[in-house]
Amino acid sequence: MEKLIIRGGRQLKGSIKVGGSKNAALPILIAAILLDGPVRFRNVPRLRDINTTNKLLAILGCPADFTAHEADMTGNAAEADKIGNAGHSDEVLACVGKLTPEAPYDLVKTMRASVLVLGPLLARLGLAKVALPGGCAIGARPVDLHLKALERMGAQFELDSGYIIGRCKKLHGADIDFDFPTVGGTENLLMAASLADGVTTLRNAACEPEVSDLANFLNACGARISGIGTDTLRIEGVSALKGTGYSIMPDRIEAGTFMVAAAITGGDLLLENCPTEALSKVISKLEEMGVGFEQQGRNLRVSAGQRCRSCDVSTRPYPGFPTDMQAQLMALMSVSEGSSTVEENIFENRFMHVPELTRMGADIHLSGSKAVVRGVKGLTGAPVMASDLRASASLVLAGLVAKGETHVQRIYHLDRGYEQIEHKLGGVGADIERARDES
Ligand code: EPZ
């Protein structure tokens with residue numbers, strides 16, 4: 001096991017390059033299953049979840065081939081190899097030989113997004129056997145909306161020993177109205193409908209930027225999707241999709257996390273290749289708290305002089321305030337002037353960071369889906385435990401401002417969604433290092 005050791009109190013100054021989006025890359029890499037012919041992806045982030053996705057695709061018959069794209073940026077091949085695609089940000093995927101229909105439990109249990117292979121496998125093979133993802137730290141996270149929608153397209157499912165087994169002769173178009181704008185459900189149906197017979201309409205669809213990136217990728221391969229960026233998507237099925245080249249969009253949650261890093265340390269950061277439009281709600285909240293922004297071409301300058309002010313936030317589907325930024329904002333609220341409130345409306349258990357922040361001196365009270373955060377003058381470093389990806393990020397942010405040393409343990413959670421975070425933060429002045437965790 002590894003941990004991060006952070007000695008707080010440094011103001012972050014300098015520039016950080018925003019990496020490729022984890023939540024766009026996962027469905028887009030999986031969409032390679034749909035294609036006749038190879039596809040070259042650029043700007044693929046080097047993350048554990050990408051590594052897991054590549055392993056899953058290889059098992060299904062769609063192995064990744066990493067081009068020798070650039071010298072290993074980490075300067076640590078062993079490290080890069082362990083957490084992702086060995087220092088390359090380009091990869092070519094091709095479905096060589098016969099596709100197989102089974103996504104095994106030992107992979108699916110580590111990454112819920114594996115359920116996204118359901119739609120593509122049904123579209124290509126008429127058969128899919130996917131281990132039920134099970135819950136995770138932030139809630140039960142069922143897939144009922146995925147299955148209900150695919151059944152309307154002609155799929156039939158049964159549950160057998162923890163696996164979802166789906167079968168269909170040929171998926172056909174359908175009119176689908178989601179009970180909830182599920183991101184994964186929308187992505188599964190976009191991929192399934194691209195090769196179905198006829199037209200599919202998705203209403204109350206998720207319109208997160210990552211969903212749009214997937215739709216744009218599918219159209220680049222010959223799909224016929226319209227309504228991109230809205231909650232109503234129309235997909236006219238085609239007989240085949242071809243390989244192409246595609247660059248993954250920048251990661252808005254990584255960028256948002258670094259915005260909070262600048263704010264919480266009173267620093268001044270230039271975020272290179274920042275997806276500003278995809279972060280409008282996060283930016284307006286941070287402006288309300290006193291953070292300054294200046295767009296410079298494709299880069300965004302983020303600065304905070306004095307202590308931030310409190311604010312109130314409720315997480316909502318896009319374009320509302322993203323649930324994936326809730327934990328990070330709460331770290332900033334915990335040292336801001338005044339009392340803030342947080343309402344988590346997307347997941348039923350996304351306050352796992354609260355007891356850990358409290359151990360560092362934060363003053364947070366929970367009541368159901370609501371949290372009241374009373375700003376304190378300062379936090380104190382402590383050994384803390386990461387529990388899920390964004391909770392881990394929240395603890396790193398708190399460590400940047402806490403007095404003394406913070407040891408963030410179980411950072412494999414963090415490596416799922418942040419590429420070499422200690423290099424990126426260390427490069428702008430943070431006192432942060434990765435170490436073995438003997439405890
Ligand atoms: C995606 O998860 C993201 N993951 C999550 O990011 C993100 O928090 C979430 O969307 C919401 O924006 C990826 O893109 C890989 P949902 P997903 O389906 O698709 C319920 C991160 O930190 N629901 O929109 O699983 C579900 O339980 C991760 O990067 C059903 O009830 O999210 C949850 O409460 C965490 N039935 C809510 O809807 C279903 O069939 C949102 O789920 C599907 C979902």
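Note: hydrogens, waters and symmetry copies are ignored here, and every other heavy atom, side chains too, is used. Just so it is clear, the model here is predicted, and its values are computed rather than measured. Just follow the structure's listing: the first ligand is 1, and inside any ligand the first atom is 1.
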K.L.:
Do ligand 1 and Asp144 have nitrogen or oxygen atoms that lie under 3.5 Å from each other?
P.N.:
yes

K.L.:
For Tyr246, enumerate each residue passing the ring-ring contact (aromatic ring centres under 6.0 Å, His included) test, keeping only those at least two apart in sequence or located in another chain.
P.N.:
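Here the qualifying residues are Phe217.
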
K.L.:
Going by atom types only, do Asp388 and His413 share a side-chain donor-acceptor pair under 3.5 Å?
P.N.:
no

K.L.:
Cys308: what forms a side-chain contact (heavy atoms from CB on, under 4.5 Å) with it, not counting sequence neighbours?
P.N.:
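Cys308 satisfies side-chain contact (heavy atoms from CB on, under 4.5 Å) with Ala263, Met289, Val291, Leu332, Ser336 only.
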
K.L.:
Using a 4.0 Å cut-off to any heavy atom of Ile346, which atoms of ligand 1 qualify?
P.N.:
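Selected atoms, number and element: 33 (C), 34 (O), 37 (C), 41 (C).
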
K.L.:
Considering the heavy atoms of Leu145, write down every atom of ligand 1 situated less than 4.0 Å from one of them.
P.N.:
36 (N), 39 (C), 40 (O)

K.L.:
Using only heavy-atom distances, determine whether the side chains of Tyr318 and Arg252 contain a donor-acceptor pair under 3.5 Å.
P.N.:
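No, Arg252 and Tyr318 have no side-chain donor paired with an acceptor closer than 3.5 Å.
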
K.L.:
Does any non-hydrogen side-chain atom of Glu419 lie less than 4.5 Å from one of Lys22?
P.N.:
no

K.L.:
For Lys22, take its heavy atoms, then give the atoms of ligand 1 lying under 4.0 Å from any of them.
P.N.:
21 (C), 29 (O)

K.L.:
How about Glu343 and Thr315: does a side-chain donor come under 3.5 Å of a side-chain acceptor?
P.N.:
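Note: Glu343 and Thr315 side chains miss the donor-acceptor criterion.
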
K.L.:
Is any side-chain heavy atom of Ile253 closer than 4.5 Å to one of Tyr418?
P.N.:
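Yes, side chains in contact.
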
K.L.:
So if I count the atoms of ligand 1 from 1 in the order they appear, which ones are less than 4.0 Å from some heavy atom of Arg350?
P.N.:
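Heavy-atom distances to Arg350 below 4.0 Å select 8 (O), 22 (O), 35 (C).
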
K.L.:
Can you tell me if Thr341 and Asp312 form a side-chain donor-acceptor pair at under 3.5 Å?
P.N.:
yes

K.L.:
Side chains of Gln328 and His353: any donor to acceptor distance under 3.5 Å?
P.N.:
no

K.L.:
With atom 29 (O) of ligand 1 as the reference point, say which of Gln326, Arg112, His413, Arg390 has the nearest heavy atom.
P.N.:
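Result: the heavy atom closest to atom 29 (O) of ligand 1 is in Arg390.
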
K.L.:
If you count the atoms of ligand 1 from 1 in the order shown, which ones are under 4.0 Å from a heavy atom of Gly184?
P.N.:
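Contacts of ligand 1 toward Gly184, numbered from 1: 18 (O), 19 (O).
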
K.L.:
For His146, take its heavy atoms, then give the atoms of ligand 1 lying under 4.0 Å from any of them.
P.N.:
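The list of qualifying atoms is 40 (O).
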
K.L.:
Please state which option from Asn349, Asp324, Val211 has its nearest heavy atom closest to atom 8 (O) of ligand 1.
P.N.:
Asp324

K.L.:
Give the single entry among Phe347, Phe178, Tyr318 that approaches atom 42 (O) of ligand 1 most closely by any heavy atom.
P.N.:
Phe347

K.L.:
So if I count the atoms of ligand 1 from 1 in the order they appear, which ones are less than 4.0 Å from some heavy atom of Phe180?
P.N.:
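Atoms satisfying the 4.0 Å criterion: 37 (C), 38 (O), 41 (C).
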
K.L.:
Evaluating non-hydrogen atoms only, which member of Thr53, Thr182, Val143, Val183 is closest to atom 10 (O) of ligand 1?
P.N.:
Val183

K.L.:
Within less than 4.0 angstrom of ligand 1, does Glu187 place any heavy atom?
P.N.:
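No, that is not the case, since the closest heavy atom of the residue is not under 4.0 Å from the ligand.
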
K.L.:
Should one rank Gly320, Pro142, Gly185 by closest heavy-atom distance to atom 44 (C) of ligand 1, which comes out on top?
P.N.:
Pro142

